[in-house]
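On a predicted model such as this, the values are computed, not experimentally measured, just so you know. We name chains A, B, ... by the order of the sequence lines, and we start the count at 1 in each one.
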Number of protein chains: 2
Amino acid sequence: MALRNALLAALIDRESSGYDLAKKFNSSVANFWTATPQQLYRELEKMETEGLLSARLVKQDKRPDKRIFSVTAAGRAALLGFSRRTPKPTTVRDELLVQVEALAHGDVASIRASIEAHQKASRTRLEGYEQRLADILGSRTEKEFLATGSRLGPYLTLNRGITFERENIAWADLALTVLSHRYPGPESGTS
Amino acid sequence: MALRNALLAALIDRESSGYDLAKKFNSSVANFWTATPQQLYRELEKMETEGLLSARLVKQDKRPDKRIFSVTAAGRAALLGFSRRTPKPTTVRDELLVQVEALAHGDVASIRASIEAHQKASRTRLEGYEQRLADILGSRTEKEFLATGSRLGPYLTLNRGITFERENIAWADLALTVLSHRYPGPESGTS
DNA sequence: ACGGCCATGTAACTGGTTACATGATTAC
DNA sequence: GTAATCATGTAACCAGTTACATGGCCGT
């Protein structure tokens with residue numbers, strides 16, 4: 001009953017298949033919601049039987065058939081209702097930061113490697129977000145867009161995702177610098 | 001099996017009761033992990049029976065008794081083992097951003113109010129984090145601390161929390177400004 | 001007299017994760 | 001011929017949420 005709203009938001013501007021959504025929930029939407037493909041298929045099924053979504057089957061040759069979901073009038077009403085409720089507080093689950101919190105009681109070399117991997121993943125997501133931002137802006141400057149553009153919501157969430165990933169990258173730099181001063185290892189090196 | 005590691009990290013430097021932890025998971029640790037009191041009590045119980053924690057009963061008069069948990073040798077070993085594993089990717093669940101994503105299909109006045117509430121909550125958490133940072137630094141400057149201090153891990157996670165909340169506040173300012181230009185409401189005013 | 005804080009918990013439910021299965025197609 | 005991509009799903013399990021219960025103390 002919470003993933004549901006994220007799905008409505010993801011489908012309202014563009015109908016998609018479960019497979020498309022799985023990719024979206026690993027890239028553009030990942031910034032504020034995550035879900036596994038299994039969760040999506042289960043929830044889409046439920047939402048269709050409840051009338052929030054309608055599905056049409058698209059037959060493809062040379063490819064498996066796919067079911068394209070779109071938001072119904074009832075779905076739009078549900079989304080409007082959701083926008084009026086008080087959103088639940090943000091929840092985060094970040095195992096890397098748990099490792100860092102207990103740095104002094106863990107394996108520092110391994111944690112350093114995790115920070116590097118995390119930073120790399122942030123760089124990749126950041127590139128994706130910046131690409132999407134460029135697509136939304138088109139040839140307009142940010143100012144022009146803010147005054148007249150039509151995809152304000154996605155712009156704002158993307159903007160949040162971009163600064164978030166930039167801060168992740170900067171934080172990783174700080175952490176790595178501090179670690180190399182305080183726990184000088186045997187040639188700390190990224191390959 | 002994931003909350004468990006966050007608990008070990010939270011208890012390793014200071015033994016605490018379930019109640020203390022519930023507060024911690026709403027303030028200092030909230031930055032990278034959240035959990036309800038019920039989750040904590042259940043998990044603490046399990047971890048004690050598995051030998052990762054030991055509990056001692058502290059009788060209080062004028063107050064209910066409390067059980068103080070501390071990490072055992074087996075718990076320390078588990079934490080070290082965790083530090084060597086690849087951390088799972090960060091998961092986020094932010095209903096406010098879901099509302100903002102679907103801005104054009106929702107109730108803008110209500111969403112604006114949600115952004116304001118969210119910003120206020122960020123300010124409160126930020127103050128708490130800055131207070132804790134000051135406690136960790138003591139009379140040292142940040143540079144002195146980084147060269148010689150002993151609570152590096154908590155410093156780094158706190159630092160991440162502080163920039164995160166600052167960015168939340170700045171983002172809310174941007175969002176509110178954009179909204180008041182694009183959806184000028186009837187005297188948009190915080191009381 | 002009432003709500004809030006301290007401190008712990010049970011029970012029932014909902015939501016999320018992991019592992020596995022299918023099967024054709026395209027690219028190397 | 002091997003792996004990756006497209007596209008969907010089942011089953012079993014584990015984790016998280018919500019609602020409720022207890023009971024004395026403190027402040028107003």
A/G75 to A/L8 - nearest heavy-atom pair and separation: O-CD1, 3.9 Å
Closest nucleotide of DNA chain D for A/E45 versus for B/T36: which of these residues is on the 5' side? A/E45
Atom CG of A/L21 and atom C1' of D/dT8 are separated, to the nearest Å, by 13 Å
Divergence of helical axes at both termini of the helix from C/dA1-D/dT28 to C/dC28-D/dG1 - five pairs an end, 10° steps: 50°
Look at the side chain of A/T91 and decide which nucleotide, out of D/dT17, C/dT8, C/dG9, has an atom nearest to it. D/dT17
Does B/Y41 or A/K46 map to a spot on DNA chain C nearer the 5' end, using the closest nucleotide for each? B/Y41
Under a 3.5 Å cutoff, is there a donor and acceptor pairing between the side chains of A/E165 and A/N31? no
For A/L40 and C/dG16, give me the distance from atom CG to atom P, rounded to whole Å. 10 Å
May I have all residue pairs that pass salt bridge (Lys or Arg N to Asp or Glu O under 4.0 Å) and include part of residues 76-103 of chain A, sequence neighbours excluded? A/R84-B/D107
Could you state the atom-to-atom distance from CG of A/D65 to P of C/dT25 in whole Å? 13 Å
From NZ of B/K66 over to P of C/dC5, roughly how many Å is that when rounded to an integer? 17 Å
For B/N26 and D/dT17, give me the distance from atom CG to atom C1', rounded to whole Å. 14 Å
Per the atom types in the model, does the base of D/dG9 pair as donor or acceptor with the side chain of A/Q38 at under 3.5 Å? yes
Base, sugar-phosphate, or nothing: which does B/K88 touch, judged by heavy atoms less than 4.0 Å apart? sugar-phosphate
State whether B/S17 places a side-chain N or O below 4.0 Å from either non-bridging phosphate oxygen (OP1 or OP2) of C/dT8. yes
At less than 3.5 Å, do the side-chain atoms of B/R42 and the base atoms of C/dG9 form a donor-acceptor pair? no
With respect to the phosphate group of D/dT8, does any side-chain polar atom (N or O) of A/Y19 fall under 4.0 Å of OP1 or OP2? no
Value rounded to 0.5 Å, distance of CG in A/L156 from CD1 in B/I111: 10.5 Å
note: A/L44, atom CG; D/dT8, atom P; distance rounded to Å ~ 9 Å
So what does A/R93 hit on the nucleic acid, given a heavy-atom distance under 4.0 Å: a base, only sugar-phosphate, or nothing? sugar-phosphate
May I ask you to check whether A/Q99 and B/N5 show a side-chain donor-acceptor distance below 3.5 Å? no
Between A/R125, A/R123, A/R166, which is the residue that forms a salt bridge (charged side-chain N to carboxylate O under 4.0 Å, His left out) with A/E130? A/R166
Check A/L146 against B/V178 and note the closest heavy-atom contact, atom names and distance. CD2-CG2, 3.8 Å
Return the value, rounded to whole Å, for the distance between atom CG of B/L3 and atom P of D/dA15. 9 Å
What integer distance in Å separates B/Q39:CD from D/dC14:P? 16 Å
